[in-house]
Each structure stands twice: as C-alpha cells, then as structure tokens.
Number of protein chains: 2
Amino acid sequence: MAREHDAPTARQELLYDPAVPTPSPAERARTLSAGLTTGTLCTIAREPAGYPYGSFVTVALADGHPAFLISELAEHTRNLRADERASFLFAEPGEGDPLARGRVTLVGPCRPVAGDGRDAVRGAFLAAHPGAAYYADFKDFAFWRLEVEAVRWIGGFGRMSWVTRDEWLAAVPDPLAPHAAAILAHMNDDHRDTMLLYTHAFTKARDATSASMTGVDRYGFEMSVDTPAGARPIRLGFAQTIATPDEARRELVALAKRARDQG
Amino acid sequence: MAREHDAPTARQELLYDPAVPTPSPAERARTLSAGLTTGTLCTIAREPAGYPYGSFVTVALADGHPAFLISELAEHTRNLRADERASFLFAEPGEGDPLARGRVTLVGPCRPVAGDGRDAVRGAFLAAHPGAAYYADFKDFAFWRLEVEAVRWIGGFGRMSWVTRDEWLAAVPDPLAPHAAAILAHMNDDHRDTMLLYTHAFTKARDATSASMTGVDRYGFEMSVDTPAGARPIRLGFAQTIATPDEARRELVALAKRARDQG
C-alpha cells in the first residue's frame, strides 16, 4: 500500500487526510489486469522492418507474467521468432470518457515456454480460456510468456507511474474489486445519509450537502461530495485492510459509529 | 468488392455460389474501423531501448489515416519524437469468443500534423471526440497522424489478409453496418420462413430445416442454416449494391418473389 494521495487535478485544497491508506500503482495495475483476458501484444515487425506491430490476442497472467497460446503462422509469432522484444497492453473496458479508464503496459522479452514451467503456464492460460483446450496441443500452437521487466501504469487523467518488476510481481489484485460495483450500488441506494455523516465528521467538507461513493478497495473508499464550491473528491480509510464484502460492511458500520460518537 | 468467398473452415462442400459478391478485406477492415474511437498505438520505446511499446489512445480516421491528439508528456509521444515508426490496432468489441472478432493493424510513420493538413485532421478528430476540444489547444498537446503504409486485417478464425495502402485508402466502410443489427433482428424475428425459401431456391441446402440471418452488408447477406449434417453457412447476393435499410428491404422482398416464381 502507498501512503500517498492522488494529486488533485486543479489547485484546490485537499479536503481529506493525505495520509489515508491508498492502493499503490502496482496494486492498481495488478487489480485492473486481473479481470482481463484480452489485450494488445506488441512485437517488432519483420516487414516493414523494425516497425512496432500491434496484434489482438488472448492472455492470462501466469505468476504475474502474461502468457499466450499463439500459432506459428501468426504475424506476432513470426515477429517474436525473429526478435523477442515485446510489450503487452491491458486496457480497462467501460463507459464514459475512455481516457479516464486504466491501462497497463508490460514490457519484456517474450519467449516460448518449455520444460518445467510449461505446465504452470498452460494451467493458468486454460483456466482463463477453457475453450482454448481444443487447440492447445495443435502442432503449430505453443505457449509463450512475456517476462515482465518494466511496467507502465496509467490510472486515468494525470494518474500514472512506472512500476518496477519487483513491485509488479509482489502486488496482489484487490480482493474487493469483483464486489465493488455491488457495494457502491448498495451504499448509493440506501446509505447516503451515512456517507454525509462520514464527510462531516472526518473531512474538511463540513458544508457538504450530499455524498456518493465512487470507489472502494481493500484500504478504504472514495466519495464525490457536493459542496457550495462544487463536487469534490474524498477518500477515507478503513481501520484495517479488508478482503470481503462482509468486512467492508463491518468497517463502514464501525466508521458510522465513530462519526456519531464524535458528533 | 471481391469476387472471392471465405474458405470453409472444414472440408465441407460449399452450399452456395462462390462467386457471390462479398466485401473485400479492405472493405471489411474499413468497416470495422469506422465505428471505433479508441485503440492501441504502438511505438518504439526509448527505455528499454528498442522495445515495442503499446499505449491506449483515442483516435479518429482522417482520410483513412489514424489521427491522434496527444501530449508531449506521454510516453508514446516521446517515443515518436525519437522514432517515427508506429502502428495502430483497431479491435472490434463484442461478446463471445474474442478471437472470432475483427481487428486491423495499420503500420506506418507517425508525425505531428502542421500546416495545411492540420485543419482537416483537427476537424476529423474533434468530430469523433467533441470533448477533446477543451484541451486541443493546450500547449503540450498536438495532432499527430499515422501515414498508413501497410494494413493487416484479421476477420476472425482463419480469415485474414494483408491489404495494400491503396486498397485501404480507396475502400469505403459499409453503409449498412450501423443498421445491420436492426435488420438481423427484424429478419430473425419475422421472416424465418422467407429465409428458408431463399435457402431452398438458391442454394444446395435443399434439406435445410431452418435459417437465420447472421450478417448483412452492401453486397448481400449471410445465414446459418440447419441441415441434417449440422449448421452450415450460406451467403446470398443482392441484385445490386445497396446503401440503406430501405434498399435492403426492397432487395430482400425481390429475392423472395424470385424464389417463389422459381418454385
């Protein structure tokens, strides 16, 4: 976890404690990648020689390294046979402004997987793509793995960072991510008063008139609050790192109690 | 238009006239690209030096060449300042097997747009991305254009082709594409008997028991028909190239009349 906050996009006073626990860039990158099974494989073209060449491929992360099941006949495979340098782009799908969505570029050499490592890569790939089992053993198909050396994460406008190989490999995807949409819907449907209570008790936005939850993760949650000066972002932390929707509920209830006790 | 058919994926007799008018690879590539406003820009990284680097960007086609509005601070822009070699990948979104969907890679040098060409590029880009108007004139943003030199189209499993620059630039996106889903829904909801009539009259699938439309374009339409030997693909052509849903309706009605007259 990083004890840093995202820089405000405009010159506005931050309305919450900047030391609030926040996912690190590596954690955000791993979280957005965890749910994705396709992306762009970039290789070096043979013709026109030396040009970067982007292909759409299916992917799975095997111990943090992107794994592919690709045909010898494909352009990208031929390219990799001639030059192992590669990168892979995961881009978060979604609605709204596309540049507000997250993406991660993983850079490193991409090589066929042989020997002891093959079973693990095969297992990870087929778990994500069960339908690929029927061509996994075709003679012209092979498993390949991009050995991550550098990682570029972009979280949206003005939120970006290089991530080291070690940070990337050590980071764990957020366990709350698969449940975030349901938690947000529940909070925004039924607990707007409680979120305003949090806002008045724990932030500088004492004049906020409404609050809605915009994100939740293992370390805390984010809200957008309406103030006389306009909509402003807020982040609040949980008392401990959590992993399940039940734990999120307990933290949110405890936080409401603290806010009331304080009031 | 190409007077070629797609190769059957298995060793099966083709049940329809292989000379039926069919969109060319260049037309298919232009059609799938026409609806898309994001994709992957591939550049050559400065660090790790020489690696291909994939970035998610917003895009618009300006006279067939991908145009971008990118910041000097972005990795891809810095990469392009050092090495103009680039490619751009359009990937068709959708459900189901991701490898069945279309994608196009455009390869060529990517350069800032200045002088006379800038207004056209700016116009095309802002038409596709009106929200970008507010940063289009920021000092660190500029319009860039990838000058297409080579095109790789992949239409799905086993359907792929290189397309020349001239073919790409001359091809026109299918005017029926924005209406195809509605036409398919209408035909499959209300006109299954008519499609079976077409099948019996104009194809070798005289033992087909049902038919559904799976695609429609300016030159004709595709069906999947159920036969005692399983589901099989059919393609039938229109008497003339069309451009509107009304013309599609007229062609489909005329085809039904011909089928009945023949019966």
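For clarity, every value in this text was computed on a predicted model and none was experimentally measured. In what follows, every chain begins at residue 1, and chains take the letters A, B, ... in the order their sequences are listed.
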(request) Report the C-alpha separation of R30(B) and V172(B) in whole Å, then their side-chain angles, then the decisive distance to 0.1 Å, and conclude whether the side chain to side chain contact (heavy atoms under 4.5 Å, CB included) test is met. (result) CA-CA 6 Å; R30(B) 283 300 291 263; V172(B) 174; over 6 Å; no
Under a 4.5 Å heavy-atom cutoff, which of [options] has the most pairs with chain B?
options: A45(A), G39(A), G50(A); value: G50(A)
options: T58(A), T105(A), L41(A); value: T105(A)
options: P48(A), G54(A), A150(A); value: G54(A)

(request) Please determine, among L99(B), D97(B), L73(B), V57(B), the option with the most heavy-atom pairs under 4.5 Å with chain A. (result) L99(B)
(message) So which residue, G131(B), G108(B), P93(B), ends up with the most heavy-atom pairs under 4.5 Å with chain A?
(response) G108(B)
Measure distances from [X] to the heavy atoms of chain B and classify the residue's part below 4.5 Å as side chain, backbone, both or neither.
X: E149(A); result: side chain
X: A49(A); result: backbone
X: T38(A); result: side chain
X: S55(A); result: backbone

(request) Give, for atom CE of M223(B) and atom OG1 of T214(B), the distance between the pair rounded to the nearest 0.5 Å. (result) 8.5 Å
(request) Any chance you could measure T77(A), atom OG1, to W144(A), atom CH2, to the nearest 0.5 Å? (result) 6.0 Å
(request) Determine, for R165(B) against E147(B), whether the closest basic-nitrogen to carboxylate-oxygen distance falls under 4.0 angstrom. (result) yes
(request) State yes or no: are the ring centers of Y53(B) and Y51(B) separated by less than 6.0 Å? (result) no
(request) Check the side chains of S212(B) and N188(B) for a donor-acceptor pair under 3.5 angstrom, ignoring hydrogens and angles. (result) no
(message) Less than 4.5 Å to any heavy atom of chain A: does that hold for the side chain of E75(B), its backbone, both, or neither?
(response) side chain
(request) Evaluate side chain to side chain contact (heavy atoms under 4.5 Å, CB included) for L146(B) paired with H65(B), printing each intermediate quantity in order. (result) CA-CA 6 Å; L146(B) 188 157; H65(B) 302 283; 5.9 Å; no
